[in-house]
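What follows is a single structure, written as structure tokens, with notes after it.
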Amino acid sequence: MNSRIPFNRPFVAGKELFYIAQAITFGNLGGNGHFTNQCARLLEERFKIPKVLLVPSCTAALEMAAILFDLKPGDEVLLPSFTFVSTASCLVRLGVRPVFVDIRPDTLNIDENLLEQAITNRTRAIFPVHYAGLGCNMTRIMQIAENFGLRVAEDAAQAVNSYQNGRALGSIGHLGCYSFHETKNVICGEGGALCINDPALIERAEIIRDKGTNRKQFFRGQVDKYTWVDNGSSYVPSELSMAFLYAQLEMVDTINARRRTIYQYYEHALIPLAEEGWLRLPLACEHGETNSHLFYILLKDQVTRNALMDHLNGHGINAVFHYVPLHSSPMGQTYGYAPRDLPVTEEISGRLLRLPLYYDINEVDQAKVVEQISAFFKKANP
Ligand SMILES: *Cc1c(COP(=O)(O)O)cnc(C)c1O
């Protein structure tokens with residue numbers, strides 16, 4: 001009996017239910033309770049971030065970033081098109097124009113060499129995305145931001161526990177955004193964090209997170225009334241989710257180590273096919289720098305990618321493509337973009353295939369994946 005190999009399976013670290021039971025005993029389920037504080041402290045200390053605010057999703061963190069940067073209708077923000085919709089929707093909902101910049105063919109991250117030519121007198125910020133947990137060139141991006149007076153919010157949704165030159169991704173821009181969605185490395189179902197690296201933004205961030213009220217200052221005794229003072233929304237996560245998350249954050253090293261082993265198995269086993277020219281492997285990354293969030297291969301063209309994807313799915317292996325580039329989506333086209341405007345993004349997204357990668361996939365299943373990829377090429381070209 002052959003069982004399917006899923007693309008992802010949520011990982012349970014072990015102490016989640018215990019901590020949730022504790023949270024119930026403590027009696028504060030709404031938010032900002034014991035486990036929310038524990039998660040924030042752990043992230044701040046481990047990743048050297050001045051202030052971390054836990055939020056219900058990375059999307060919420062990105063929305064807060066756009067509000068905190070005071071982005072207004074008509075402003076422009078630079079971002080990749082090769083990303084999840086939230087990187088752009090957090091801007092569009094404020095009337096900001098997303099300006100899509102092409103990616104580098106080697107890292108699949110925003111091409112820092114194309115940023116300056118995309119800057120106009122309306123440009124206010126850059127939202128770089130660390131695809132697959134591999135860092136954008138943050139040194140160059142922060143330099144450009146400083147030269148042009150721009151703000152930077154890292155979409156580090158996939159990059160929790162990834163590093164660049166010894167610094168955690170998410171801790172380098174003025175703001176950083178993490179995701180703990182069940183498809184990421186460290187999870188709590190739905191969850192996220194806003195990393196505040198510019199201390200000047202902390203006070204207003206706390207207000208925006210709490211429905212635009214100064215509740216936090218009230219509880220600290222800094223003001224004698226708790227009232228509506230600013231823009232905001234319901235960006236405080238449930239204490240139950242944070243209890244689950246804390247159990248995962250305690251295991252972050254174990255999770256990273258396991259994912260690295262899985263990643264390196266694919267990397268190693270697929271070398272012969274790469275050398276024969278059937279596929280391209282991801283850029284080799286510095287040991288210990290990335291979090292092995294996802295493993296992709298690049299095929300010759302879109303027709304081959306789709307045929308291989310069908311072949312694998314026909315053999316019980318759930319391999320999937322990734323983004324439909326935002327600039328060529330129906331929404332992207334309303335901003336006047338045509339598919340060929342970003343040639344690298346268009347080309348890469350059509351050739352990319354992600355392989356199953358989750359904490360408890362075993363070597364037998366990984367071997368099946370590799371064997372079927374190999375069988376596909378050998379059958380098509382005996
Ligand atoms: C997953 C992801 C998001 C959204 O995260 P949520 O926590 O689901 O809101 C945003 N950006 C990127 C690059 C992602 O991979």
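Note that ligands are numbered from 1 as they come in the structure, with each ligand's atoms numbered from 1 the same way. Computed from heavy atoms alone, side chains included, the values below leave out hydrogens, waters and symmetry copies.
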If you count the atoms of ligand 1 from 1 in the order shown, which ones are under 4.0 Å from a heavy atom of Ser57? 7 (O), 9 (O)
Give me the nearest non-hydrogen protein atom to atom 15 (O) of ligand 1 as residue plus atom name, then the distance to 0.1 Å. Gln158 NE2, 2.8 Å
Among protein heavy atoms, which sits nearest to atom 4 (C) of ligand 1, and what does the distance come to when rounded to 0.1 Å? Phe84 CD2, 3.7 Å
At a non-hydrogen distance cut-off of under 4.0 Å, which region of Tyr323 contacts ligand 1 (side chain, backbone, both, or neither)? side chain
Kindly give the heavy-atom pair with the smallest separation between Met251 and Ala13, and that separation in Å. CG-CB, 3.6 Å
May I ask you to identify the nearest protein heavy atom to atom 9 (O) of ligand 1, giving residue, atom name and distance to one decimal place in Å? Thr59 OG1, 2.5 Å
Can you tell me which residue and heavy atom of the protein come closest to atom 2 (C) of ligand 1, and the distance to 0.1 Å? Lys184 NZ, 3.0 Å
Find out whether Ile172 and Met142 are in side-chain contact, i.e. whether some heavy atom of one side chain is under 4.5 Å from a heavy atom of the other. yes
Which protein heavy atom lies closest to atom 14 (C) of ligand 1, and at what distance to 0.1 Å? Ala157 CB, 3.3 Å
Verdict with supporting geometry, Glu289 and Arg167, salt bridge (charged side-chain N to carboxylate O under 4.0 Å, His left out): CA-CA 9 Å; Glu289 283 264 291; Arg167 296 172 74 187; over 6 Å; no
min-distance protein heavy atom vs atom 11 (N) of ligand 1 -> Asp155 OD2, 2.8 Å
Glu190 N/O under 3.5 Å from ligand 1 N/O: no
Under 3.5 Å, N or O to N or O, is His181 touching ligand 1 that way? no
Checking heavy atoms under 4.0 Å, the part of Val129 that sits near ligand 1 is side chain
Whether the side chain of Arg124 engages the backbone of Val96 through a donor-acceptor N/O pair (distance < 3.5 Å, no angle test) should be reported. no
In this structure, would Met309 and Val370 fall into the same cluster of hydrophobic residues linked by side-chain contacts under 4.5 Å? yes
Ring centres under 6.0 Å, that's the criterion: do Phe11 and Tyr358 meet it? no
Can you check whether Val52's main-chain N or O pairs, donor with acceptor, with Glu44's side chain at less than 3.5 Å? yes
May I ask you to check whether Tyr131 and His322 place their ring centers less than 6.0 Å from one another? yes
Under 3.5 Å, which donor-acceptor pairs link side chains of residues 187-204 to any protein atom two or more places apart or in another chain?
unit_1, atom_1, unit_2, atom_2, d
Asn197, ND2, Gly170, O, 3.0
Asn197, ND2, Gly173, O, 2.8
Asp198, OD1, Ala200, N, 3.0
Asp198, OD2, Arg151, NH2, 3.0
Glu203, OE2, Gln217, NE2, 3.0
Arg204, NE, Asp230, OD2, 2.6
Arg204, NH1, Ile67, O, 3.4
Arg204, NH2, Asp230, OD1, 3.4

Is Gly191 in contact with ligand 1, taking contact as a heavy-atom separation below 4.0 Å? yes
Considering the heavy atoms of Ser179, write down every atom of ligand 1 situated less than 4.0 Å from one of them. 5 (O), 6 (P), 7 (O)
Thr83-ligand 1 polar pair, N/O distance under 3.5 Å: no
